Amino acid sequence: MPDVARYDEIADFYASGWTDAIDDPASARLLDLLGPVAGGRVLEIACGHGRVSRELARRGAAVVGVDVSQALIAKARAAERDAPLGIRYLHADASRPSALREFPPFDAVVCNFGLSDIDDLEGAVATAAGALRPGGVFACSILHPCFPGGPGVSGSWPGDARYHGEGWWRADGELSALRRQVGANHRTLSTYVNTFRRHGLWVDEFAEPEPAPEWAAKRPEAARFPVFLVIKCVKE
C-alpha cells in the first residue's frame, strides 16, 4: 500500500462534508438496490470514514469495511469505539484480493463512489467478486461516466478530452471541491460492465437517480444530464 493515500491529506474535509445522514440520492438508491441486509454479512470496499458501513450495521448487517486511507480508517475506528456497532475496519488495499482471504464469503459487497478512486479496477472487482458467495449482490455507485458535467461542475472526464480517453485526472470545476483535491479515474461504461462480467458479476439493475433539487437549482446545466449511476450485480 502507498505510505500516503490521496484521502489522507483531506480526511477532515471529507468526513465533515459526508456525514452519517444517508440522504443523498445516490447513496440512498444504492441501499435500495442492495435490499434488506439484516442478518447478512456485508463488505464495504473503499469505506472511507465508515458512513455507509454504519448505516448497514444499523440495518442489522454484520459489516467489514476496508479502505486504503489510514486517516479515514482511523476516523471509522474512532466512531466505532464511541458508538459500537460491531463493525470491523481494515486498513488495506481493496484491489488486492489477498487482503480479505481470512473472511468467509459475504452476502453482499458495496462500494459507494469508490471505484473511481481505485486505480486498479480489475483488482478491485476481483476482490468484490471473490469475497461474494454465489448469488451474492455487488452494488456500487459512481459519478455517471457518460456525461460532461456543466459550468463549474466537472463531469467524469476532462472538458478538453474525449469520453473514450480513460485515465486518472484532477477535476477543475470550481464546484467540484472533492475531485479538485483527490482527482478521479475516468472509465467508459463499457469498461465497467465488461470488467464486472469477466469476474462473474451479472448486471441486474441500473439506476440513474436525479440529484437533489437544491443541488440542481444551483447547477441547472449540469442537472440536464444524469449525474449519478448506481449498479446492482449478482454473482453467478
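Residue numbers run from 1 in the order of the sequence given. Keep in mind the model is a prediction, meaning the values are calculated, not measured.
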Donor-acceptor check, side chain of Arg51 to backbone of Thr19, threshold 3.5 angstrom: yes or no? yes

To the nearest 0.5 Å, tell me how far Ser116 OG sits from Trp169 CH2. 10.5 Å

Please step through side-chain hydrogen bond (donor to acceptor under 3.5 Å, both in side chains) for the pair Arg198 and Thr195, ending with a clear verdict. CA-CA 5 Å; Arg198 279 195 299 276; Thr195 303; 3.1 Å; yes

Does the side-chain contact (heavy atoms from CB on, under 4.5 Å) test come out yes or no for Phe103 and Arg88, once each step is laid out? CA-CA 11 Å; Phe103 296 98; Arg88 181 175 175 184; 3.5 Å; yes

Are side-chain heavy atoms of Val153 and Val227 found at a separation under 4.5 Å? no

Determine whether a donor-acceptor pair (N or O, by modelled atom type, separation under 3.5 Å) exists between the side chain of Arg180 and the backbone of Gly173. yes

Is there side-chain contact between Asp119 and Arg6, with at least one heavy-atom pair below 4.5 Å? yes

Check Leu115, Asn185, Asn112 against Ile142 for a side-chain contact (heavy atoms from CB on, under 4.5 Å) and give me the one that passes. Leu115

Working to the nearest 0.5 angstrom, can you tell me the gap between Leu72 CG and Trp18 CH2? 11.5 Å

Where do Phe113 and Leu178 land on the side-chain contact (heavy atoms from CB on, under 4.5 Å) test, with the steps shown first? CA-CA 12 Å; Phe113 286 109; Leu178 176 63; over 6 Å; no

Heavy-atom pair with the smallest gap, counting every atom of Ile73 and Cys47: CD1-SG, 3.8 Å

Glu44/Arg54 salt bridge by N-O under 4.0 Å criterion: no

Spatial distance of atom OH (Tyr163) from atom OG (Ser156) [nearest 0.5 Å]: 8.0 Å

Treating Ile, Leu, Val, Met, Phe, Trp and Tyr as nodes and any side-chain heavy-atom pair under 4.5 angstrom as an edge, say whether Val42 and Leu30 lie in one connected cluster. no

Side-chain heavy atoms of Leu90 within contact of Leu100, under 4.5 Å: yes

Exercise: identify the closest heavy-atom pair between Ala177 and Phe13: CB-CZ, 4.0 Å

Do other residues, nucleotides or ligands put more than 12 heavy atoms under 6.0 Å from the CD atom of Glu210? no

Intermediate values then yes/no, side-chain contact (heavy atoms from CB on, under 4.5 Å), Phe228 and Asp24: CA-CA 11 Å; Phe228 310 116; Asp24 61 285; over 6 Å; no

Kindly assign one of parallel, tilted or perpendicular to the pair Trp157 and His186, based on the angle between their ring planes and the thresholds 30° and 60°. tilted

Do Leu229 and Leu143 sit in the same hydrophobic cluster, where Ile, Leu, Val, Met, Phe, Trp and Tyr count as joined when their side-chain heavy atoms come under 4.5 Å apart? no

OG of Ser154 to CD of Glu174, rounded to nearest 0.5 Å, is 10.0 Å

Side-chain heavy atoms nearer than 4.5 Å, only ILVMFWY residues, links allowed to pass through others: does that put Val109 and Leu34 together? no

Taking NZ, NE, NH1 and NH2 as the nitrogens, is one of them in Lys75 or Asp67 under 4.0 Å from a carboxylate oxygen of the other? no

Tyr192-Val203 co-clustered via ILVMFWY side chain contacts under 4.5 Å: yes

More than 12 non-hydrogen atoms from neighbouring residues, nucleotides or ligands closer than 6.0 Å to CH2 on Trp202, yes or no? no

Hydrophobic cluster identity match, Ile45 and Val230, side-chain contacts under 4.5 Å: no

Parallel, tilted or perpendicular: ring planes of Phe147 versus His144, cut at 30 and 60 degrees: perpendicular

Taking Lys232 for the side chain and Asp204 for the main chain, is one N or O donor matched with an acceptor at less than 3.5 Å? no

If I compare all heavy atoms of Arg29 with all of Pro209, which pair ends up nearest, and what's the gap? CB-CG, 4.1 Å

Under the salt bridge (charged side-chain N to carboxylate O under 4.0 Å, His left out) criterion, do Glu80 and Arg77 qualify, and how do the steps go? CA-CA 5 Å; Glu80 176 66 16; Arg77 289 172 174 167; over 6 Å; no

Side-chain heavy atoms of Val66 within contact of Leu43, under 4.5 Å: yes

Between Gly50 and Ala76, what is the shortest heavy-atom contact and its length? N-CB, 4.2 Å

Restricting to non-hydrogen atoms, name the atom on Ala46 and the atom on Ile118 that form the minimum distance, rounded to 0.1 Å. CB-CD1, 4.4 Å

Heavy atoms, side chains only, cut-off 4.5 Å: are Leu56 and Leu31 in contact? yes

Rounding to 0.5 Å, atoms OH (Tyr14) and CD (Gln181) come to a distance of 12.0 Å

How long is the gap from CD on Glu55 to CD1 on Ile22, to the nearest 0.5 Å? 5.5 Å

State, to 0.1 Å, how close Arg179 and Val182 come at their nearest heavy-atom pair, and which atoms those are. NH1-CG2, 3.7 Å

CA sep, side-chain torsions, deciding dist, call: Val37, Asp107, side-chain contact (heavy atoms from CB on, under 4.5 Å): CA-CA 8 Å; Val37 295; Asp107 300 295; over 6 Å; no

